[in-house]
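Some notes on the structure that comes next.
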Amino acid sequence: MAEPVRSSPLQAASLLDALATAVVAVDEQARVQHLNPAAEDLLSTSAGAARGRRLRDLVAPRDRLDALVVRARVSGEALAQRECELVPVARSDLRYLVDCSFTPLAAAGHPGWVLVEITDTTRQTRINRDNALLAQLGGSRLMARQLAHEIKNPLGGLRGAAQLLERELPSEELREYTRVIIGE
C-alpha cells in the first residue's frame, strides 16, 4: 500500500506571493517590509528596491495611502478605499484605478504593521464605463428613431392632404402652393 502524501506547511510569504492581488506589508514607520510579485508589477519596482522605503515614496498621490495606513494602525480596524487613482512613481506614465484595503497586523504579532492590498480595477472600470456608454448610445438611437417616426407621421398626413387638395383646386396658380407643400 502506498504511503500517504504529506503536505508541507506553507509559509505566509509564499501564499502572498501566489496571489494575483498586490500585497504590501508596511512596518510601524510605513516602510515596506514585503512586496509580493503582483505588487512589484503594479508599482513598477522590485521587492529589493522597495524594501525599507516608505510606501509614500513608491506611489502618487503620496498622502492618500499614507494617511489610510496611519488610520488603520491607529484605529486597529481594517479600512477600505474604493476607486483610488494610483500612479507608480517609477512609471509616471501609468495610471491605475484601484481598490485598497488596509489591515492592521497587531493581532498577528506585528504591532504597528499594516497589510495593504491593492486590487487593480482599471480594466473592469473601463469595461463598465464602455458598457454604460453603449447602453446610452443604444437609448439615444432608439429615441432618434422614435422622434423621426413621430415627425414623419404628421408630415405624411400633411403631404397626403396637400395632394388631395391639389386635385380639387381649379387653377394652376393655386396648385403651385400645394406643390411647394408636397415638395417640402
Side-chain angles (χ1 to χ4, degrees), residues 5 7-145:
V5 177
S7 60
S8 61
L10 294 173
Q11 292 181 338
S14 65
L15 289 174
L16 293 177
D17 289 348
L19 293 175
T21 302
V23 177
V24 181
V26 295
D27 64 14
E28 56 277 349
Q29 283 98 31
R31 296 192 186 283
V32 173
Q33 294 303 318
H34 182 79
L35 212 69
N36 73 348
E40 288 179 299
D41 187 44
L42 186 74
L43 300 177
S44 299
T45 189
S46 69
R51 193 169 291 113
R53 293 179 63 193
R54 293 179 58 101
L55 182 59
R56 67 179 291 145
D57 295 335
L58 301 175
V59 296
R62 295 171 178 241
D63 298 332
R64 176 176 282 163
L65 290 183
D66 215 28
L68 290 165
V69 166
V70 170
R71 274 184 48 199
R73 181 183 303 119
V74 170
S75 71
E77 295 180 8
L79 299 173
Q81 178 73 42
R82 296 208 171 275
E83 297 183 0
C84 298
E85 185 179 65
L86 184 134
V87 178
V89 170
R91 288 278 314 268
S92 60
D93 60 319
L94 297 177
R95 294 202 181 309
Y96 298 105
L97 196 60
V98 298
D99 290 347
C100 300
S101 44
F102 305 85
T103 307
L105 295 176
H110 295 284
W113 285 44
V114 176
L115 189 71
V116 181
E117 297 173 69
I118 306 169
T119 306
D120 182 8
T121 60
T122 307
R123 185 169 182 254
Q124 188 60 45
T125 301
R126 280 191 190 133
I127 289 169
N128 291 343
R129 186 182 61 230
D130 290 349
N131 286 340
L133 287 173
L134 287 173
Q136 256 184 336
L137 181 62
S140 297
R141 284 183 181 156
L142 178 63
M143 187 174 70
R145 266 190 246 123

**Prompt:** Under the side-chain contact (heavy atoms from CB on, under 4.5 Å) criterion, do Leu55 and Val24 qualify, and how do the steps go?
**Reply:** CA-CA 9 Å; Leu55 182 59; Val24 181; 4.3 Å; yes
**Item:** side-chain contact (heavy atoms from CB on, under 4.5 Å) between Arg31 and Arg53, worked out
**Value:** CA-CA 5 Å; Arg31 296 192 186 283; Arg53 293 179 63 193; 6.0 Å; no
Inter-residue atom distance [X].[atom1] - [Y].[atom2], 0.5 Å rounding:
X	Y	atom1	atom2	answer
Leu58	Leu35	CG	CG	7.5 Å
Thr103	Glu77	OG1	CD	11.5 Å
Cys100	Arg82	SG	CZ	10.5 Å
Glu117	Asn36	CD	CG	9.5 Å
Leu65	Ile118	CG	CD1	6.0 Å
Leu68	Cys84	CG	SG	6.5 Å

Shortest non-hydrogen contact between [X] and [Y], atoms and distance:
X	Y	answer
Ala90	Ser44	CB-O, 3.3 Å
Val32	Ala50	CB-O, 3.5 Å
Val114	Val69	CG2-O, 3.8 Å
Asp120	Tyr96	OD2-CD2, 3.4 Å
Pro88	Leu94	CD-O, 3.6 Å

**Message:** If you count heavy atoms of other groups shown closer than 6.0 angstrom to CZ of Arg56, is the number above 12?
**Reply:**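 For Arg56, atom CZ is crowded (more than 12 foreign heavy atoms under 6.0 Å).
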**Prompt:** Would Val23 and Val116 satisfy side-chain contact (heavy atoms from CB on, under 4.5 Å), going step by step from the backbone distance to the final call?
**Reply:** CA-CA 6 Å; Val23 177; Val116 181; over 6 Å; no
**Message:** Quick one about Trp113 and Gln33 (side-chain donor to acceptor, distance below 3.5 Å, no hydrogens or angles considered), yes or no?
**Reply:** no
**Request:** With the side chain counted from C-beta on, respond yes when Pro104 and Arg73 share a heavy-atom pair under 4.5 Å apart, and no when they do not.
**Result:**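 The answer is no, as the side chains (C-beta and beyond) never meet within the 4.5 Å cut-off.
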**Message:** Is the shortest side-chain heavy-atom distance between Val98 and Thr119 below 4.5 Å?
**Reply:**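 The answer is no; the side chains never approach within 4.5 Å.
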